There are 2 protein chains.
Amino acid sequence: MVVYELSEEQANKVFRALADATRRDIVRRTLRAEVSVSELAASYDMSFAAVQKHVAALEAAGLVSKIARGRERIVRGQPDTIRHAQELLSSLEEIWRQRISRLDDFLADGDK
Amino acid sequence: MVVYELSEEQANKVFRALADATRRDIVRRTLRAEVSVSELAASYDMSFAAVQKHVAALEAAGLVSKIARGRERIVRGQPDTIRHAQELLSSLEEIWRQRISRLDDFLADGDK
DNA sequence: CTCATATACAACCATTTGGTTGTAGGTTAC
DNA sequence: GTAACCTACAACCAAATGGTTGTATATGAG
């Protein structure tokens, strides 16, 4: 199974995009169902343009995509990008796991 | 099993901290083995103070911890915080999975 | 004791971020 | 056709970020 890893630049954008509660909420809502930008904007205590910028940041990170439907822009969460971020974190955890594994080996060696 | 979830503020800090290639590299290195701040600083093309700031950002996020050892400060990666971030991403993916599951139900219903 | 090393931290600066308002262009409803 | 709606985007601003240099302090080596 080929997994397209995040480039450093993409990883920066993805984590940066996730580092904001409003944007995480947008991701949640757009994963749950398709939502227009104006529907999103109605939910937050900020201007339409501000929400637009959040959506743009998420789109640049690949965490959501937008498609035109009439005069609306429908926003969809992109689970694949979430998964890529998960994989990056898993690779970090794996580094630690391997270190513990080496430590176990060392201790086992000490028993001999 | 009780899992201490990240607060919104903590989540912001964790993802913000991960949104930088140098900081991700510091996390990798300190998960692999304990490293002093000056050892870290030697690896990157920036001032000692700059690396210090990166470590401080990671420490504030709970992604590393520092302990004094003589005149050095030893930096350790904190796998638990990585795991919390993974769980947050998993909860996002789960939202999507449930949506797909509802869609499947709907399609199955259509067959009746 | 003295010197070199390791760190902490303040002050400063350029750039980025996250918000605002204002203007303009499509699309839908009536 | 016209008014209302949805979006795009530019210009602007304050605050945060990510770097710098400089100074001070604590520890270890010889």
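Since the structure is predicted, the reported quantities are computational estimates derived from the model, not experimental observations. Only this structure's heavy atoms are used, side chains among them; waters, hydrogens and symmetry mates stay out. We name chains A, B, ... by the order of the sequence lines, and we start the count at 1 in each one.
Annotation: side chain to side chain contact (heavy atoms under 4.5 Å, CB included) contacts of A:Arg29 (sequence neighbours excluded): A:Asp25, A:Val35, A:Leu40, A:Ser43, A:Tyr44. Residues satisfying the salt bridge (Lys or Arg N to Asp or Glu O under 4.0 Å) test with A:Glu72, not counting sequence neighbours, are none. Partners of B:Glu34 under the side chain to side chain contact (heavy atoms under 4.5 Å, CB included) rule, at least two apart in sequence or in another chain, are A:Arg99, B:Arg69, B:Ile74, B:Arg76. The side chain to side chain contact (heavy atoms under 4.5 Å, CB included) check on A:Arg32 picks up A:Arg28, B:Ile95, B:Arg102, with sequence neighbours excluded.
Only A:Ser36, A:Val37, A:Ser38, listed by number, bring a heavy atom of residues 14-46 of chain A to less than 4.0 angstrom from any atom of DNA chain D. Residues of residues 64-75 of chain B having a heavy atom closer than 4.0 Å to DNA chain C, listed by number: B:Lys66, B:Arg71, B:Glu72, B:Arg73. Residues from residues 51-59 of chain A placing a heavy atom under 4.0 Å of any atom in DNA chain C, listed by number, are A:Lys53, A:His54.
A donor-acceptor pair under 3.5 Å is formed between the side chain of B:Ser90 and the backbone N or O of B:Gln86.
A salt bridge (Lys or Arg N to Asp or Glu O under 4.0 Å) check over residues 7-16 of chain A, counting only residues at least two apart or in different chains, returns the pairs A:Glu8-B:Arg24.
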Pair up each side-chain donor or acceptor in residues 48-64 of chain A with any protein partner under 3.5 Å, not counting sequence neighbours, and list the distances.
from	atom 1	to	atom 2	distance (Å)
A:His54	ND1	A:Arg23	NH1	3.2

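Note on the helix from C:dC1-D:dG30 to C:dC30-D:dG1: angle between the axes of the first and last five pairs equals 30°, rounded to 10 degrees.
Close approach of DNA chain C to chain A, defined as any atom under 4.0 Å from a non-hydrogen atom of the protein, starts and stops at C:dT17 to C:dT28.
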Between the protein and nucleotides 1-3 of chain D, list every N/O to N/O distance that falls short of 3.5 Å.
none

